[in-house]
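In listed order, ligands and their atoms are each counted from 1.
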Amino acid sequence: MLSIVLPVYNEEENIVRAYEAIRDVLVPKDIAFELVFVNDGSKDHSFDVIKKLSQEVRDAKILGLSFSRNFGKEAAIFTGLSHATGDVCAVMDCDLQHPPETLLEMYAMWQEGFEIIEGVKHSRGKESFVYKTFAKLFYKLISKSTGIEMYRSSDFKMLDRKVVDEYVKLSERNIFFRALSSWLGFKSAVVEFDVKERNAGTTKWSIKSLVRYAIGSITSFTTAPMQLITFSGVVFFIFAIILGIQSVVKWATGHALEGFTTVILLLLITGSLIMISLGIIGYYLARIYEEIKGRPRSIVREIVKSPK
Ligand code: UDP
Ligand code: MG
């Protein structure tokens with residue numbers, strides 16, 4: 001059986017349509033499937049729609065989980081995967097931006113023996129200029145620091161049972177699904193898809209949440225920024241030695257009062273660098289603090305299942 005995990009946040013218009021689109025693709029091919037809707041603290045009637053769907057649908061298993069509040073898409077994916085029961089699990093967006101037809105392609109590759117099949121964006125669809133630039137910059141940064149190509153990657157993936165079992169064993173609270181599946185290893189393949197336009201509703205990301213997501217995922221996945229601090233520290237130390245020698249020479253030759261500009265510049269530069277570095281360390285500290293609290297990733301308030 002194929003499980004499909006769909007994170008849901010204020011998607012009441014899209015849930016039934018997502019089910020229908022997936023059904024129309026999978027039923028003709030005789031692929032038994034289960035839909036795992038994870039309601040991530042929606043403020044609309046999404047969960048009522050899921051409940052109703054779970055009671056009405058006969059040609060698929062429907063599992064609906066509802067969080068006690070909005071925990072974020074990553075938490076929704078994780079919790080969805082840990083409740084999925086299929087031999088193979090897919091994760092896709094509920095707004096039909098990930099085309100269900102691609103599921104067939106992925107499924108065929110899974111049957112061929114691949115364990116992670118990643119959906120890769122062939123085109124990114126309609127996005128604003130600012131968003132596009134920001135996304136590009138962010139993924140360049142991550143790709144450089146982790147060595148994983150990220151710009152075209154997405155959360156649209158199909159994972160074998162083995163991979164899911166390993167994934168849900170990971171104990172860190174702040175997980176970055178896109179990058180982690182490549183960290184896990186396994187036999188993986190790539191499938192290209194075109195990002196469709198959003199079916200209904202609006203994107204759930206604000207600039208603020210995107211910046212938070214970017215910083216969060218960088219700090220959870222790489223310590224490169226901290227290494228950058230060390231590196232610039234070393235550069236400055238070399239710089240300081242040269243300047244130190246120069247001032248000693250000046251002092252010895254009797255030109256000591258000169259060089260106030262250098263002093264001021266140095267103060268400013270080192271001051272700001274120290275502040276930036278402290279900020280970066282602060283982010284990692286916050287990460288450690290969050291992890292060490294050991295809180296659950298999400299709290300499931302309610303579960304609905306389709307009747308057997
Ligand atoms: N989503 C979620 N929790 C959130 C934000 C989004 O579960 O806090 C879900 C949303 O319902 C959708 C998917 O994540 O199924 C992708 O969200 P969206 O379409 O807003 O993002 P975009 O496609 O613009 O990247
Ligand atoms: Mg979307």
Side-chain angles (χ1 to χ4, degrees), residues 3-22 35-50 53 62-84 89-100 102-103 119-136 138-139 142 150-157 173-179 193-214 216-217 297-302:
S3 294
I4 302 169
V5 174
L6 301 123
V8 174
Y9 181 55
N10 298 345
E11 306 272 11
E12 54 184 0
E13 303 108 317
N14 289 328
I15 291 164
V16 175
R17 262 182 272 186
Y19 155 70
E20 286 168 353
I22 293 169
L35 298 183
V36 183
F37 287 102
V38 187
N39 173 33
D40 186 12
S42 300
K43 293 189 177 58
D44 62 1
H45 300 293
S46 295
F47 198 61
D48 296 331
V49 179
I50 295 169
L53 193 72
I62 305 248
L63 178 64
L65 308 166
S66 190
F67 285 177
S68 59
R69 64 167 170 89
N70 181 259
F71 280 94
K73 190 180 174 186
E74 296 285 324
I77 292 175
F78 190 94
T79 309
L81 281 175
S82 53
H83 281 82
C89 301
V91 175
M92 69 189 279
D93 282 1
C94 191
D95 54 8
L96 292 176
Q97 281 190 303
H98 298 156
T102 310
L103 284 175
V120 161
K121 292 171 189 155
H122 181 61
S123 65
R124 286 187 64 99
K126 262 211 177 134
E127 283 170 348
S128 72
F129 175 75
V130 178
Y131 186 93
K132 229 174 203 150
T133 324
F134 183 80
K136 209 171 203 163
F138 166 54
Y139 285 121
I142 277 226
M150 295 286 297
Y151 179 56
R152 291 156 69 229
S153 72
S154 70
D155 289 330
F156 188 20
K157 296 185 200 300
R173 308 292 118 182
N174 290 289
I175 286 199
F176 188 38
F177 182 61
R178 260 169 228 208
F193 71 93
D194 282 309
V195 177
K196 296 249 182 69
E197 271 203 46
R198 196 169 222 291
N199 202 339
T202 49
T203 177
K204 305 299 180 292
W205 296 98
S206 60
I207 295 283
K208 200 176 137 205
S209 66
L210 274 172
V211 171
R212 208 183 306 135
Y213 179 72
S217 37
R297 284 177 195 85
S298 60
I299 298 170
V300 178
R301 182 181 51 202
E302 205 179 336

Evaluate Gly72 for polar contact with ligand 1, using N/O atom pairs at a separation under 3.5 Å. no
Report yes if some N/O of Pro7 lies less than 3.5 Å from some N/O of ligand 1; otherwise report no. yes
Winner among Asn70, Asn39, Asp95 once heavy atoms are compared against atom 8 (O) of ligand 1: Asn70
Point-to-point distance, once rounded to the nearest 0.5 Å, from [atom1] of [X] to [atom2] of [Y]:
X: Ile299; Y: Leu65; atom1: CD1; atom2: CG; result: 14.0 Å
X: Ser154; Y: Met92; atom1: OG; atom2: CE; result: 10.5 Å
X: Asn70; Y: Asp40; atom1: CG; atom2: CG; result: 4.0 Å
X: Asp44; Y: Tyr9; atom1: CG; atom2: OH; result: 9.0 Å
X: Phe37; Y: Cys94; atom1: CZ; atom2: SG; result: 5.5 Å
X: Leu96; Y: Asn14; atom1: CG; atom2: CG; result: 6.5 Å

Are any non-hydrogen side-chain atoms of Val300 and Phe67 less than 4.5 angstrom apart? yes
Check each atom of ligand 1 against the heavy atoms of [X] and keep those under 4.0 Å away; list them by number with element.
X: Asp40; answer: 2 (C), 3 (N), 4 (C), 7 (O), 8 (O)
X: Glu11; answer: 10 (C), 11 (O), 12 (C), 15 (O)
X: Gln97; answer: 19 (O), 22 (P), 23 (O)
X: Cys94; answer: 15 (O)

So is Arg69 actually on top of Phe71's ring, under 6.0 Å and inside 45° of the axis? yes
Taking salt bridge (Lys or Arg N to Asp or Glu O under 4.0 Å) as the definition, give me every residue that meets it alongside Glu20, ordered by chain and number, with sequence neighbours left out. none
Please state which part of Lys73 comes within less than 4.0 Å of ligand 1, counting heavy atoms only: side chain, backbone, both or neither. both
Closer than 2.8 Å to the Mg ion (ligand 2), which protein N, O or S atoms?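 Less than 2.8 Å away from the Mg ion (ligand 2) sit Asp95 OD2, Gln97 OE1.
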Specify whether His98 and Phe156 have parallel, tilted or perpendicular ring planes, treating 30° as the upper limit for parallel and 60° as the lower limit for perpendicular.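 Parallel, since the angle between the ring planes stays under 30°.
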